[in-house]
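Per chain, numbering begins at 1; letters A, B, ... match sequence-line order.
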Amino acid sequence: MKALRQVTARLSAGSALGKAMRPYSVPWPNHVDTPQDNERVPWDFTEASYKKIQVIMDQYPSINRQSGIMPLLHLAQWQNGGWIPVSAMNKIAQICEVPSVRVYETVTFYAMFNRRPVGDYHVQFCITTPCMIVGSDELIQAALKHLGLTRFGETTSGADGAKTLTLGEMECMGACVNAPMLVVSDYSNAPQFYYDYYEDLTVETLVELLDALRAGKRGQLALGSQAGRQHSAPLGGKTCLTTTPPGPFCRDLDAKKEEAKK
Amino acid sequence: MKLASLSRVCTRGYATLPLDLTITPLDRKVIVTGSPHTQNIEFPDNTFLKDEDRIFTNLYCDGSPWLDGALKRGDWYRTKEIVSKGRDWLINETKASGLRGRGGAGFPSGLKYSFMPKKKPDDRPSYLVVNADESEPGTCKDREIMRHDPHKLVEGCLLAAVAMGARAGYIYIRGEYYNEAMAMERAIAEAYAKGLIGNNACNTGYDFDLYVQRGAGAYICGEESALIQSIEGKPGKPRLKPPFPAMAGLYGCPTTVTNVETVAVLPTIMRRGPEWFASFGRKNNAGTKLFCISGHVNHRVTVEEKMSIPLRALIDKHCGGIRGGWDNLEAVIPGGSSCPVLPKRLCDDALMDFDDLKDRGSGLGTAAVIVFDKSTDMIKSIARLSRFYKNESCGQCTPCREGCGWLVDIMHRFVKGNARKGEISMIDNITRQIEGRTICALGAAAAWPVQGLVRHYRHHLEARIENYQTGVPFVQPGDFYFRKVKEERENPGSKKFAQIN
């Protein structure tokens with residue numbers, strides 16, 4: 001454990017977000033046997049999951065079952081409440097008829113697969129440059145301060161029946177015109193899963209959001225832009241597409257090229 | 001005396017300081033000079049795209065995104081006749097329209113689709129793979145297509161598949177676009193229910209199946225061979241090319257990987273004519289494009305505009321200008337983070353198309369315009385991008401895996417100034433050792449932002465090194481605009497940030 005802390009301290013030393021930030025703590029590359037996470041713990045998909053697995057596997061040629069690894073990993077993560085134990089990975093290897101190491105290497109490669117437990121909500125901030133220049137760093141500091149955490153990867157205590165939140169970071173999440181933003185993965189009602197962006201944040205709206213999450217009121221929050229924008233339209237109102245779009249139109253497909261040029 | 005020192009400090013956004021003056025954040029000033037660019041420039045009406053020429057008419061979700069709204073907007077209209085025209089007609093029309101790939105590389109699409117084989121040695125199928133792994137920092141255009149206008153993409157997939165003889169298509173959507181993937185699945189289910197795709201698609205006798213495949217958070221899976229690896233269930237590590245995907249791609253079968261926007265504009269091009277599409281933009285840079293303008297503009301927006309529109313026109317009309325006025329502009333990254341940064345003097349008359357930006361030393365890429373104003377710490381912004389590339393590197397080949405790590409370490413020292421002046425040329429040298437010597441283009445993409453920084457901001461880097469060496473503490477410029485707004489909200493009438501506008 002001490003060696004691990006030293007390694008992570010060295011890793012975070014060069015981080016521009018400050019010494020307190022530890023990169024990617026939840027999708028962790030190495031396996032350590034714990035009482036919840038070891039190969040002797042039995043794990044299987046539910047009946048409802050098996051129905052979905054049948055639909056998933058039908059998408060691929062029958063000899064290429066390995067393609068099902070990633071959709072099944074997502075299913076396993078949702079069913080398990082936010083993280084993937086090693087016995088789930090072995091089960092997926094069995095269903096997809098591949099050696100287990102093929103699943104292990106896929107899990108450790110992708111950032112969205114968690115290998116350590118998270119809280120009821122996994123709140124991830126986007127930290128890449130388009131969000132950074134409009135203030136995501138200040139929002140992260142405000143969030144950590146408000147929740148009483150010191151670094152990414154930590155989970156709030158869930159005292160007084162509040163839902164638990166794990167804070168994390170993510171690279172560019174593809175909502176750059178609605179920066180700064182974060183995403184909330186809702187594992188509080190596993191296997192039901194919600195994954196929503198909350199965009200155009202300010203410190204005030206962020207604090208309201210975190211309080212609503214802790215109180216378990218995620219369903220009452222406005223999705224998307226917290227500043228009242230219409231998706232990616234400008235904040236001051238649309239500058240185009242102000243009229244009703246025209247109806248169906250098709251040119252004369254058989255018209256000769258010379259006539260078309262005229 | 002103090003005023004004179006301050007004015008020397010405030011000239012250009014970096015500090016060459018007298019040793020006896022400590023800098024506090026309040027002393028930095030956002031300048032607005034009296035150059036000719038301060039005035040508003042009026043652009044003629046034909047610079048901009050008219051609403052009736054727009055392809056993505058439901059970009060902001062004014063209408064229903066599902067099949068009922070799509071039919072009203074003209075999707076799936078006479079698709080049967082277009083498909084019945086045949087493969088060669090479709091490819092010739094695509095070539096005539098001048099459509100270039102919208103995923104960043106800008107390769108002519110008609111030419112790309114014509115590479116798919118007509119005769120195969122056995123009965124292996126051909127595949128169409130749509131690249132909806134939109135992870136380039138700054139880019140958020142495919143998201144709008146997939147959640148607000150999914151039927152354009154579904155119909156485009158059918159036409160593209162007919163053009164290349166594909167039996168099935170996979171739309172690879174990045175893992176973070178969970179709701180967008182659900183929207184695509186719903187649209188595909190609607191299309192299957194109506195017989196628009198599937199066996200005997202649109203009653204043409206052509207069988208085409210379309211599936212959604214979700215990713216799980218890796219930028220490298222946007223690279224075409226890594227994407228194919230990811231669909232096959234493996235870690236997304238790119239393959240060596242040749243063999244190219246058109247020869248051996250998904251499951252070893254001929255495959256073409258195209259961007260969402262490229263495929264989604266195909267039906268409208270076929271219906272309105274390639275000459276109409278080619279009428280926008282300069283020669284070899286035809287058509288319309290979705291621009292995502294983020295950063296320090298007054299209103300960030302995703303908007304569809306003509307190619308070759310002047311950058312100034314785009315920002316002034318759709319974003320309400322740069323915050324603080326055009327003269328407050330420091331730099332622009334015109335095409336997503338992989339393109340080198342352009343300082344203001346190169347942006348004043350830049351045209352947003354492939355060739356003009358390439359001539360200026362950058363590129364159009366995905367048309368994700370990231371705008372930096374004079375309050376930005378350029379070095380920290382590029383350092384954050386270097387960190388992005390290091391995190392997203394797959395680790396297969398040594399120049400990228402080791403080189404990106406070196407770039408991050410050195411860039412973070414540059415942010416503080418804890419370096420030597422010779423290391424500026426050294427980091428440029430390192431980037432040239434990375435680009436072109438890797439299996440895929442992520443190494444080059446990691447190298448170009450740093451090259452742009454060294455090319456245009458060497459004075460920033462040197463000044464920061466001098467400050468550090470002379471012991472004057474470096475002050476992060478931070479985002480004074482937000483602090484000013486917060487201060488004015490808490491203490492109305494406060495003059496604390498009066499210098500910043």
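- The two residues A/G174 and B/R174 come nearest to each other via the heavy atoms N-NH1, 3.5 Å.
- Taking 4.0 Å as the cut-off between side-chain N and carboxylate O, A/E169 and B/R384 do not count as a salt-bridged pair.
- For A/R102, the CZ atom counts as loosely surrounded, since its 6.0 Å shell holds 12 or fewer non-hydrogen atoms of other residues, nucleotides or ligands.
- Proximity to chain A (any heavy atom under 4.5 Å) is shown, for B/E305, by neither the backbone nor the side chain.
- Contact of A/Q124 with chain B is not made at all, since no heavy-atom distance falls under 4.5 Å.
- By the 6.0 Å contact criterion, OH on A/Y194 is open, its count of non-hydrogen atoms from other residues, nucleotides or ligands being 12 or less.
- When heavy atoms are compared at a cutoff of 4.5 Å, B/F291 does not approach chain A at all.
- Interface remark: B/I333 contributes no atoms to any contact with chain A (heavy atom separation under 4.5 Å).
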Please evaluate residues A/C172 and B/Y219 with respect to the criterion side chain to side chain contact (heavy atoms under 4.5 Å, CB included), reporting the C-alpha separation (whole Å), side-chain torsions for both, the decisive distance (0.1 Å), and the verdict. CA-CA 9 Å; A/C172 180; B/Y219 166 72; over 6 Å; no
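- Using a 4.5 Å cut-off between heavy atoms, B/S337 does not touch chain A at all.
- To the nearest 0.5 Å, atom NE2 of residue A/H74 and atom CZ of residue B/R214 are 4.0 Å apart.
- Side chain of A/T239 to main chain of B/K317: no donor-acceptor pair is present (N/O by atom type, distance under 3.5 Å, no hydrogens or angles).
- One finds no salt bridge joining B/D51 and A/K238 here, because no Lys/Arg side-chain nitrogen approaches an Asp/Glu carboxylate oxygen to under 4.0 Å.
- Proximity to chain A (any heavy atom under 4.5 Å) is restricted, for B/Y170, to the side chain, taken from C-beta onward.
- Annotation: B/W89, atom CH2; neighbour count of heavy atoms from other residues, nucleotides and ligands within 6.0 Å is above 12.
- Contact count versus chain A (heavy atoms, under 4.5 Å) is highest, among B/G74, B/A168, B/C319, B/A368, for B/G74.
- Note that CG of A/D137 is 4.5 Å distant from NZ of B/K380, once rounded to the nearest 0.5 Å.
- Of the listed residues B/L49, B/L59, B/D62, B/I231, the one with more heavy-atom pairs under 4.5 angstrom with chain A than any other is B/D62.
- Contact annotation for B/K85: only side-chain heavy atoms (C-beta onward) come within less than 4.5 Å of a heavy atom of chain A.
- In this structure, the portion of B/R143 lying under 4.5 Å from any heavy atom of chain A is its side chain and not its backbone.
- There is no contact between B/V297 and chain A, counting heavy-atom distances below 4.5 Å.
- For chain A, the nearby part of B/K72 is the backbone; its heavy atoms alone come within less than 4.5 Å.
- When heavy atoms are compared at a cutoff of 4.5 Å, A/S185 does not approach chain B at all.
- Interface remark: B/R73 contributes backbone and side-chain atoms alike to the contact with chain A (heavy atom separation under 4.5 Å).
- Only the side chain of B/E144 comes within less than 4.5 Å of a heavy atom of chain A; its backbone N, CA, C and O stay farther away.
- Taking 4.5 Å as the limit, some side-chain heavy atom of B/Y60 sits within range of a side-chain heavy atom of A/C240.
- Checked for salt-bridge contact, B/E93 and A/R251 meet the test: a charged N lies under 4.0 Å from a carboxylate O.
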Walk me through whether A/S67 and B/Y251 qualify under side-chain hydrogen bond (donor to acceptor under 3.5 Å, both in side chains). CA-CA 10 Å; A/S67 297; B/Y251 310 128; 2.6 Å; yes
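- The contact between B/R147 and chain A is made entirely by side chain atoms (from C-beta outward), counting heavy-atom distances below 4.5 Å.
- The minimum heavy-atom distance linking B/F372 with A/T129 is given by the pair CE2-CG2, 3.8 Å.
- The most heavy-atom pairs under 4.5 Å with chain B, out of A/P130, A/C131, A/G68, come from A/P130.
- Just one residue in the list B/T302, B/I293, B/V303 forms a side chain to side chain contact (heavy atoms under 4.5 Å, CB included) with A/S232, and that residue is B/T302.
- Of the two parts of A/R65, neither the backbone nor the side chain holds a non-hydrogen atom closer than 4.5 Å to a non-hydrogen atom of chain B.
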